[in-house]
Amino acid sequence: MKHHPYKTDLPVMLPFKPVETESFGSTIKLWYVVPILALILGTSAIAQSGSDIRLGALQTLMRWMPLLLQGFIFNVLISVMAMAIGTGLGAALGIGQLSLNRFVRSSSWLLTQFFRNAPWLVLLFFAMFLLPFEVNVFGIIIPLPDWVKATIGLALPVMANVSEIIRGAVLSLPSGQWEAAESLAYSRRQTLWLIILPQCLKRMLPPWMNLYAILTMATVLASIVGVSEVMTLTGEALAAEGGRPDLLAPFYAFVLLIFFVYCYPIARLTVRLERKFSVIN
Amino acid sequence: MQLNFVKRLAITAVITASTATAVYADVIDDIKERGVIRVGVKADYKPYGFRDTDGSIVGIEPELAKDVADMLGVDIEYIPVVSSNRMQFLEQGKVDLMIATMTDKPDRRKVVSIVDPNYYSSGTNILALESLGLKEWSDLKGKPVCGIQGAFYNKATSQNYGAKIVAFKGTAEAYAALKAGNCAAFVYDDSAIVAKTKDPEWAGYEMPLATIDDAPWGLAVQLGEDKFHAMMSGIIIAWHKSGRILDLETKWGVTNTPFAKTMNEK
């Protein structure tokens, strides 16, 4: 028999030791980037051996890198703004889903479900083609450039997902929290704001960050509607190089690489927070 | 010389503009008030409009657009467009002028105001392996042929000659597919294909067929902008007369096209 630190003949329950689950993300190491780098170098090496007259693929990529990185900053900007707008609206919608007022509750539910189950690209198209290119607010003309429209289009599904994250987090709290608060004469609003939501925050953080990483990767959809982000610029750079087939792989591999380098730390941090906040019920 | 040219343009345009009638919407005043003309150009169509490594848009059409801006004495803002949104941008008023490799078609004239005379022209041809021995367009029947999304000749190639069009987002993807043998030929503008056949990397490939659909390109303004239309018309005539188009072709490495030559002689 295994030797236990508690020496007793009585049938006692041993202290519960949570099983450390290794999620897939936590096993990924940063050196996984190596294959992608190898792909860029490998494909450009092949390209280089093919033609001696023109610049090699890697040198060509180096020339375009500043522009492509500028484009990527644009992706980050779109993702951050869409996340901010989506979180603000989604928070309101999520709390609306918990309202005691039947009308507020059902309309929040409907909005959430509608935008949560719509393809992101379709929402993007709607935002692009239904919003005007400038709006007139009391005589002041505010231009709505494409990337702003794309931001709004992407904020809609984010909003619906944040709404569900909030609803889920609130429902995941033991009902005893509500009952205890009630017994201490807290009003419903006070209970929600002072007791429930603060406890929910840390539960919501990992899925919220996950959503952000997914959103960032979805910003390339904006290239389909003509926003000058990294994917669009990559296509244009390839066209400017005269459509050389040998440049395709290194260029797109580079785009993969920058997204990986940006999203990977977010994934790592999410895993860490998940483990830290994991609740054993 | 550049200033001289612009001056000449200005005179021609003023004469034409003053003879124009029925002015109800005037975008020229808007442009001058704004101090900027917004021109829709291609950013993925070398050498007519493409990106430089610093991100700016350069090429034949951006230079033509710059002439217009200089003439009006305003700054220029290039707005990158693609085939699927260029007419819409013009309709919305997002761009004042569109010079974006657009083929002049009767149905397009209903949507935007295409300016006569045409400023350019190009035909359709294919790039294919010599070993395939293609002779006629009808040889393409049932074969997969690479094309670019939104190009009008895709439809013609598939309907008239029975080719199966595989449309790609950009030229790089299409060329790669051709090299990999995913399609028998690549249907594209003849001027671009001529350049490819001279490229050592494309040794063994040819432009075997007779050019079809030699279609003029039209630059366009919004419907109803008669004054601007008349002004642009004068500018295009001046471009042809002065040999500006021919100069730009040479500058950007295009063999002078028959269309540009004839228009220059006229």
Side-chain angles (χ1 to χ4, degrees), chain A residues 43 47 50-55 57 59-71 73-74 125 128-134 141 143-147 149 220 223-252, chain B residues 30 34 38 40 42-59 77-86 88-95 127 146 148-149 168-180 182 186 188 192-193 195-196 199-203 253:
Chain A
T43 47
S51 60
D52 308 313
I53 320 142
R54 288 180 304 202
L55 277 180
Q59 281 127 297
T60 317
L61 181 59
M62 290 298 276
R63 286 200 313 133
W64 287 99
M65 214 175 262
L67 183 66
L68 296 185
L69 286 174
Q70 263 175 44
I73 290 171
F74 211 44
F125 266 86
M128 292 310 283
F129 298 123
L130 290 186
L131 294 174
F133 76 102
E134 56 187 19
I141 291 170
L144 274 185
D146 277 347
W147 67 273
K149 290 203 251 176
V220 289
S223 71
I224 300 171
V225 286
V227 179
S228 294
E229 48 70 70
V230 67
M231 241 347 227
T232 312
L233 289 175
T234 306
E236 289 172 358
L238 287 169
E241 289 297 334
R244 280 167 58 186
D246 54 301
L247 292 180
L248 271 180
F251 269 67
Y252 285 121
Chain B
D30 290 349
R34 210 190 300 133
R38 295 173 301 199
K42 282 279 181 89
D44 60 353
Y45 211 97
K46 200 181 182 181
Y48 301 103
F50 61 103
R51 290 243 187 223
D52 200 0
T53 42
D54 64 1
S56 57
I57 298 175
V58 295
E77 186 187 343
Y78 296 117
I79 300 193
V81 299
V82 292
S83 302
S84 52
N85 67 14
R86 56 190 171 190
Q88 200 182 14
F89 277 14
L90 193 60
E91 265 188 296
Q92 286 181 336
K94 198 168 155 168
V95 298
L127 181 67
C146 291
I148 300 293
Q149 286 169 15
F168 288 90
K169 195 176 128 255
T171 45
E173 285 85 351
Y175 282 127
L178 180 63
K179 267 244 157 120
N182 292 334
F186 173 40
Y188 198 48
I193 293 177
K196 276 286 162 199
D199 189 335
E201 202 189 316
W202 289 91

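Numbers restart at 1 for each chain; the letters A, B, ... are given by sequence-line order, proteins then strands. Here the structure is a predicted model, which is why all the values come from computation and not from measurement.
Partners of A/T232 by side chain to side chain contact (heavy atoms under 4.5 Å, CB included), not counting sequence neighbours, listed by chain and number: A/S223, A/E229, A/E236. Not counting sequence neighbours, B/R86 has no partner by the salt bridge (charged side-chain N to carboxylate O under 4.0 Å, His left out) test.
If you measure heavy-atom distances from A/I224 to chain B, you find no contacts under 4.5 Å at all. Proximity to chain A (any heavy atom under 4.5 Å) is restricted, for B/Q88, to the side chain, taken from C-beta onward. With a 4.5 angstrom heavy-atom cutoff, B/K179 touches chain A only via side-chain atoms.
Of the listed residues B/A43, B/A180, B/A176, the one with more heavy-atom pairs under 4.5 angstrom with chain A than any other is B/A43. Among the candidates B/A172, B/G59, B/P80, the residue making the largest number of heavy-atom pairs closer than 4.5 Å to chain A is B/A172. Between chain A and the residues B/G93, B/A174, B/P47, the most heavy-atom pairs under 4.5 angstrom are made by B/G93.
B/Y175 OH to A/L238 CG: the interatomic distance, rounded to the nearest 0.5 Å, is 13.0 Å. Annotation: the span from A/L68 atom CG to B/T53 atom OG1 amounts to 10.5 Å, rounded to 0.5 Å. B/K169 NZ to A/M231 CE: the interatomic distance, rounded to the nearest 0.5 Å, is 5.0 Å. A/W64 contributes atom CH2, which lies 6.0 Å from atom CG of B/D52 (distance to the nearest 0.5 angstrom).
When the shell of 6.0 Å around CE of A/M65 is examined, it contains more than 12 heavy atoms from other residues, nucleotides or ligands.
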